[in-house]
Amino acid sequence: MAPVARAFLRVLLLLLPTQTWNQPHGCDAPLASALPWSSFSSSSELSSSHGPEFARLNRRDGAGGWTPLVSNKYQWLQIDLGERVEVTAVATQGGYGSSDWVTSYLLMFNDGGRNWKQYQQEDSTWVLPGNTNADSVVHTRLQPPFQARFLRFLPLSWNPKGRIGMRIEVYGCAYGSKMVYFDGQNSLLYRFDKKSIRPIRDAISLKFKAMQSSGILLHRGGQHGNHIALELVKGQLVFYLNSGNANLPPTNAHLNLTLGSLLDDQHWHSVLIERLNMHVNFTLDKHTRHFHAKGESSYLDLNFEISFGGIPVPGRSLAFSPKSFHGCLENLYYNGVDIIELARKHNPQILILGNVSFSCPRPQTAPVTFLSPKSYLALPGNTGKDKMSVTFQFRTWNKEGHLLFSELGHGSGSFILFLKDGKLALNLSQPGQPLRNVMAGAVLNDGQWHSVSLSAKWSHLSVVVDDSRAVLPLVSVLMDLGNTYYFGGCPDNSSGSGCESPLGGFQGCLRLISIGDKVVDPISVQQGMLGSFGDLQIDSCGITDRCLPSYCEHGGKCSQSWNTFSCDCEGTGYSGATCHSSIYEQSCEGHEHRGSPSGRYPIDVDGSGALGPLLVYCNMTPADAAWMVVQHDSLDAVTVSGGPLGRARSATFTYGADTGQLRAAVDRAERCEQRLTLRCGTVRPLDATDGAPLSWGVGRINGTHTSWGASLPGSPTCTCGLEGDCIAAHYPCNCDADRNEWTSDTIVLSHKEHLPVTQVVMTDTGRPHSEATYTLGPLLCQGDKSFWNSASFNTETSYLHFPTFHGELTADVHFFFKTTVSSGVFMENLGITDFIRIELRATTEVTFSFDVGDGPCEVSVQSPTPFNDNRWHHVRAERNIKEASLQVDQLPQKVQPAPADGHIRLQLNSQLFIGGTASRQRGFLGCIRALQLNGMALDLEERAMVTPGVQPGCTGHCSSYGHLCHNGGSCQEKHRGIVCDCAFSAYDGPFCSDEISAYFETGSSVTYNIQEHYTLSKNTSSSGPSSRRGVTLSRETITLSFRTTQTPSLLLYVSSFYEEYLSVILANNGSLQVRYKLNRHQHPDAFNFDFQNLADGRLHQLKMNREEAVVFAEVNQSAKKQVILSSGTEFNAVKSLILGKVLEPLDAAVDPDTRRAAARGFTGCLSSVRLGHAAPLKAVLRPGGPALVTLQGHVVPAARCEAGTLPRPGTREVAPRLAGGAGHSGPSEREQPFLNADRSDSGVIGGVIAVVGFILLCTSAIAIHIYQQKKSPKENESKVSKEEEG
C-alpha cells in the first residue's frame, strides 16, 4: 500500500469515534500499597514474620519483606488487585536490612486466578531485572502494558550469600471492561440505520479470549458475494475481504490476511480493523499490517448489518468455515458504537440469538509446562486393576520427545508413549516377546492442542490421537498395571527403571490429564498433595511461536522447536542463521576481482538489503573495469511509417529485473549507457516545425526525456551533433538533414538518471513516404563506485563520522583494510549501554564486539600470519538474534550463539565512527575500503575530503590483487584498482588468462623476427655477448599447445644467424622430437617423447626450460624428461621464430627430419606459444606491438584449441561485439561489452565456416597420414628416424 494512500486512510479513519486501547495518560498510580493483607499470597514463607503480607514496598513490618521457606525456582509471590486494572510498571526491593534480595525474576498475570501468562517485553525479553542490595528500589516500566487482576512474581536468581527476599509495588490505573460470552451456539446481529454511516468505511475494535481454536468473530455480507469477515482458524486470526467480482481470479477476488498464532491460549488479544473501501489496516496486539485488495471497483457494496460470534443466517455461500466462536469479546465497538452496551440494554438494533451472557467465565483447567527434557510429572496409577485409561491433551513444537512411561505390574513389562518425527509412537515391551510398536497421528508438532487417549483392557492396548487409532495385542490375558505414570522425563532416582529414552523428555504443554475416572488437579501436585514433579511450570502453558514474527529474511522458511527456531535459506540466494547475507557479488567488478571470466552471473546490488539478485552478463574487458550488460525483451528493430501528423508510435522495453534493482545497479556503477541506433528515410525525427518534439524516451522513473545522446537534459542533440560529424553541419542529427535517402544516427544515452530506457515514442510527421527504424541496445554499466571507495587514516586521532547505524535486529558490516600497525579500531557506534565495535586487537587478531543488553559479547578471528602486512584483508561481521559471526579473508568463520531468550534489539544513538572512536583513542592507521553496513555503501572518499587527518583513496592494490595476473602478466596500479599488462604474455584478457589460439591452414607460415633491442625476460643471459645481428640466449622457456593429425609436422623452429637452431617436430609416428644445435661445428642434440602418438587430434601441451646445457621438458603435465646437451650452452645470434611452414632457406647443417617437417609445416591448431617474452601468435593476431611479424597463408583465429569440447562452467561466453557508428562514446571496439550470441547471424556463419574448414583440413591430413604409413621409408632418413621405424 502506497504511503500516501495509507496516510490518507489514517486521516479519514481519525474522523470515526473508534474506541482504542492506548494507555491512558497518568496511568501510574500505586495499586498494591492500599490492598488488604489477604490480597497477598505466596508459595511458602520462612516464618510468620516473613509472610507475603509484609511484601509492600518501603515497609518494615514483620521481618521487612517476604521470604519463602526454601529458596528455589518454584517459589512465587502473588497479588490479587481486586479487579482487572491497567498495569504499567512494577518496582522491587529486597528484605529490609538483610542480605535477602532477588536479582532477576519473571512476571506472570491473569484475570481469573488460573492459567497464568508470562509477561514479555517488546524486545522479546522474558526476564526482568531485580535488585543489587536490600533497600534500593528498581522500577521497571512495562512496554507494552497489560490488563490483569492477578500478578505473580517468580524469582529466578538471588543474592548467593542470602535468601530470596522481596518487597514490591504495582503501578497502573482503573480499566473499564464490558464483556459478552459466546458458547459456540449464539451470536449478536447489529442492524444499523442506512443514513447513519457511509458504506465505504468501517472501523472495528475489540478484544477476544478464545476457548477453542476456531470460530467466526464477525461477519458483514453484501450483494454479489461481497463480504468482510474475521475468523479464528487453528489459533490464527484471518481477515477476509471478498470483492465479489466474478471476473477477477480467485487470488484477487478473495483476499485473506493472517496474523497471530496460538491465540486459543484463553488470554485477551486486541484487534483493530480500519477499512476504507478496499484499503485495510489490520492490527492484532499492536502488530499492524496494511494492504489493498485488488479489484476493478474500489467500492465494496455491503449490507447494513453485521454479526458477531457467528453467522445467524444459514445457507450462505462462504469462502470460510461457518463455525461459531466459543469465547469472550470485550469492549466491542463498531464505528464508535458500543455493541455490548446496546445488547445489554436490549436495543432494537441488536438481535440476540441464543443465550448470551455478559460476563466471561474463568478458566477451570490448569495447564502444565514441561520446560526442559528433564522435566517430569509422576502420578499414581490404578494399582491392582485389570484395565487402564489415561487421557490428556498436549501441544509442542518438538518432533521428538518422551511423553509417558509406565511399568506393568509384577514385572510383566512396560510401555512408552513418545513422539517421533511428529508422530505418536507406542512401544510395548513384555518378557520373552520382541519389542512391539504402533504409530498414530501425523504432524503433531504444529503447536496445536492434540488429544490422546491410552487404554488397556484384557488383551489389547490401544492409543487414539485426535481421530487416529492404533491397537497393540497383549500377551497376558489379564492386565496388572504398575503404580506410577511418568509424564515427560524421568526423576533422577529412576535409573535402570526403563524410563530413560534416547529421545529426551517431552517439552511442551499438557492439560486435562485423567487417570482412570479421576481428573488430575495440577494445583494439588504443586502443593505436594499428589505425585511429584521436577522442572515444571504449573498452571501455565509457556509455549511461544518463535516464527511469528518470522526473523527469517529474504523468503527463508522458518521452522522451530521448543527452544529455538531455524531458517531454511535454500533457493533464496542468501545464507546465515537468518538468511541475511547474500551469497552473490554485488557487481561485475566484484566477480572480476575474484578472477571470474566473462559470463552470466547473479549479482545482488544491495547485498543484504531488500532487493533480490538479478542475472546479468559480465564482460571482463582487458584494459578497464568490468561491464554489466542487462538485456531487454525487444530485440527486433521497431519501424515507424509515415502517417497522420502527431500520431504517436511507442515501444515498451522490459528488463529482466524490477525498477528497484535497475536503479540500484545504475546508481552503483561508475557510468552507464544505452545505444539507440536510428535509420531514417525522408524524416526529421526530433522536432516539428512548432518546436514540439517528435520523439522522446521514457526513463526508469517514468520521466520523459527529449535529449538524445550525451547532451545536457532538454537539449535535443544527437551524438553526431556533439562530435561535429553530422552529414549536414547545421543540423544536430543526421536524420535532420531531411535528405531523400536513408541516413542513420547512433545515439549514446549516458545520463544515469534517465537509464534504463523503458519506452521510446515517435510521432508521425505527416509524410506518407517517410519511414524510420530504430533499435535500442542493452543497458551497459561499467565499474563499481563502492568497490574501490577508500580512505587513508594518517593519525590515531583522526576518524570519519556518519549518521547512527540502525541495525536493531540484524547488523552486517563488510569492508577491506590494510595496515602496517599492530592495532586500531575500524568502526564503533555507541548507545546508552549498547554498542558495536570492530577492531584490530593484535597483529594476528580481529575482534567483533557488541552489547544488546545481555552484557558484552565478543567474537575473534586468529590468523597464523599477521594482518599488518600492508595487504588488503576482507572483514565480514554479522550479528542477528540467533548468533554473531566474524570472518576475515578465507580463514574459518567464528560463530558465537546468542543467549537464549535474551535481548534482541541493538539500540544505538551516537554517531558512527569509522577509523577511530568517540574518545579519540586507539584510532586506526591505514586504509579502509568498500565499507558497507546492511548492504548500504558509505562514501568514504566524499567524507574524507572534508576531514583533517584523512585522505580520500588508497594505493598499493597490486600487493593484494597481483596474483590475478597470470601467465607472465604484470600488475599495474590504477587509482581505482589494478589492470593486468599482458604485453609480455602469450595470453590475453583482463587477467592474461585467455588463450590465444589459431588454426593453421596447409602451407601457412608465421615468422617472428627477434630484434636486438627486444627486451628479453630473465631467461636472457646477462653475460652473453650481444651480436650485431641478434641476441644470445643461455636460458629460455618455451610453452605451446597443439592439436593436429598431420605427420610429420613442425611445431616450432628458431633460427640463428650462426647456423644454430632449435626445432620441435612431430615425427612420422607422431612422437614428439626436440633438436638443439648450439654449435655449428657439432651435430644437433636430439631427444624424443615416444610414449604415444601425439598426432591424434587431441590437445597436447609442451613446456621446456633450458638452463645452459640442461634441458627440462614436460608433455601434458605428466611425461617429464631431463637432457644434458653436448652441442653447447649458448644459443647465439637468435634470428627468428617460425610457426608453420618454413619459407626461408634453411642452413645446410639442418638435419633431414627438421627439413622434411619444415617443408610440410603445420596443419591444425596452435595456442599459447611463447619463447621467453616473445609471443608470436599474439603478435600476429593482436597487431600493434613492436615486434616484426610476417604472415603468409591463412591463419584463422580460434577461441580455443579444444574445439568440439564443451566449455567449462562459468567460462566466458563468446558473443559479438557492439557495432560501432556515429556518436560512439562507449568502450573502444576492442573493449566493447559482449551481447548475447543469438543476436549475430554473421558470427554464427563465420563460426560454421571455420569449423567446416577445419574438418576438411583434418580429413585431408588423415588421408595423407594413412598414405604415408603405407610408403616405404626413404633412404635418406636420419638415424633417429630409422631407429623409431625399426
Side-chain angles (χ1 to χ4, degrees), residues 986 996-1012 1014 1016 1019 1027 1029-1033 1036-1044 1046-1067 1072-1078 1080 1084 1086 1095 1102-1104 1106 1131-1183 1185-1197 1201:
I996 298 180
S997 308
Y999 285 104
F1000 280 68
E1001 297 184 7
T1002 302
S1004 57
S1005 175
V1006 171
T1007 302
Y1008 183 96
N1009 295 317
I1010 302 176
Q1011 300 299 305
E1012 292 186 13
Y1014 181 74
L1016 295 175
N1019 296 326
S1027 169
R1029 304 178 63 191
V1031 294
T1032 297
L1033 303 178
E1036 68 270 342
T1037 297
I1038 298 173
T1039 62
L1040 63 88
S1041 298
F1042 63 92
R1043 187 166 67 88
T1044 187
Q1046 171 187 293
T1047 58
S1049 286
L1050 179 69
L1051 300 179
L1052 178 144
Y1053 180 78
V1054 183
S1055 63
S1056 164
F1057 289 105
Y1058 289 175
E1059 299 182 7
E1060 298 176 3
Y1061 67 90
L1062 161 66
S1063 66
V1064 181
I1065 67 174
L1066 292 180
L1072 181 70
Q1073 297 184 358
V1074 179
R1075 285 170 171 76
Y1076 265 105
K1077 183 178 177 63
L1078 301 185
R1080 56 181 162 177
L1102 170 65
K1103 182 178 181 181
M1104 289 176 32
R1106 182 179 71 88
F1131 197 168
N1132 297 296
V1134 177
K1135 177 183 177 184
S1136 60
L1137 184 155
I1138 301 174
L1139 303 175
K1141 187 173 184 179
V1142 179
L1143 302 178
E1144 64 183 36
L1146 294 176
D1147 296 326
V1150 174
D1151 66 277
D1153 284 323
T1154 298
R1155 284 180 177 276
R1156 187 161 45 254
R1160 290 291 306 277
F1162 177 82
T1163 301
C1165 185
L1166 285 175
S1167 72
S1168 308
V1169 181
R1170 180 169 67 95
L1171 169 64
H1173 283 161
L1177 287 183
K1178 187 174 184 179
V1180 71
L1181 299 179
R1182 306 285 194 271
L1188 300 177
V1189 182
T1190 302
L1191 170 65
Q1192 295 192 22
H1194 297 284
V1195 176
V1196 182
C1201 273

Do you know which two heavy atoms are closest between A1157 and L1050, and how far apart they sit?
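Shortest heavy-atom contact: O-CB, 3.5 Å.
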Exercise: identify the closest heavy-atom pair between L1177 and L1166:
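Closest approach of L1177 to L1166, heavy atoms only: CD1-O, 3.4 Å.
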Please assess V1134 against S1056 for the test side chain to side chain contact (heavy atoms under 4.5 Å, CB included), listing each intermediate value before the final yes or no.
CA-CA 4 Å; V1134 177; S1056 164; 5.7 Å; no
Is it true that E1060 and K1077 have a side-chain N and a carboxylate O under 4.0 angstrom from each other?
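Judged by the 4.0 Å cut-off on N to carboxylate O distance, E1060 and K1077 do not form a salt bridge.
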Are any of the side-chain nitrogens in R1080 or D1147 under 4.0 Å away from the carboxylate oxygens of its partner?
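Between D1147 and R1080 there is no salt bridge, as every charged N stays at least 4.0 Å from the carboxylate O atoms.
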Going by side chain to side chain contact (heavy atoms under 4.5 Å, CB included), L1051 matches just one of V1074, I1065, L1072. Which one?
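With L1051 as partner, V1074, I1065, L1072 yield a single side chain to side chain contact (heavy atoms under 4.5 Å, CB included), made by L1072.
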Can Q1046 and T1163 be counted as having a side-chain donor-acceptor contact under 3.5 angstrom?
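Per modelled atom types, Q1046 and T1163 side chains form a pair under 3.5 Å.
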Do we see a donor-acceptor contact under 3.5 Å between the side chains of S1136 and T1007?
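No.
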R1160 CZ to T1047 OG1 distance, which is reported to the nearest 0.5 Å:
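Going from the CZ atom of R1160 to the OG1 atom of T1047 covers 7.0 Å.
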Rounded to the nearest 0.5 Å, what's the gap from CG on L1137 to CG on L1062? Could you check?
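Answer for the CG-CG pair, L1137 versus L1062, is 8.5 Å.
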E1001 vs V1196, side chain to side chain contact (heavy atoms under 4.5 Å, CB included): CA-CA, chis, key distance, verdict
CA-CA 8 Å; E1001 297 184 7; V1196 182; 3.8 Å; yes
Under the criterion side chain to side chain contact (heavy atoms under 4.5 Å, CB included), I'd like the reasoning laid out for K1135 against V1031: C-alpha separation, chi angles, the key distance, then a yes or no.
CA-CA 8 Å; K1135 177 183 177 184; V1031 294; over 6 Å; no
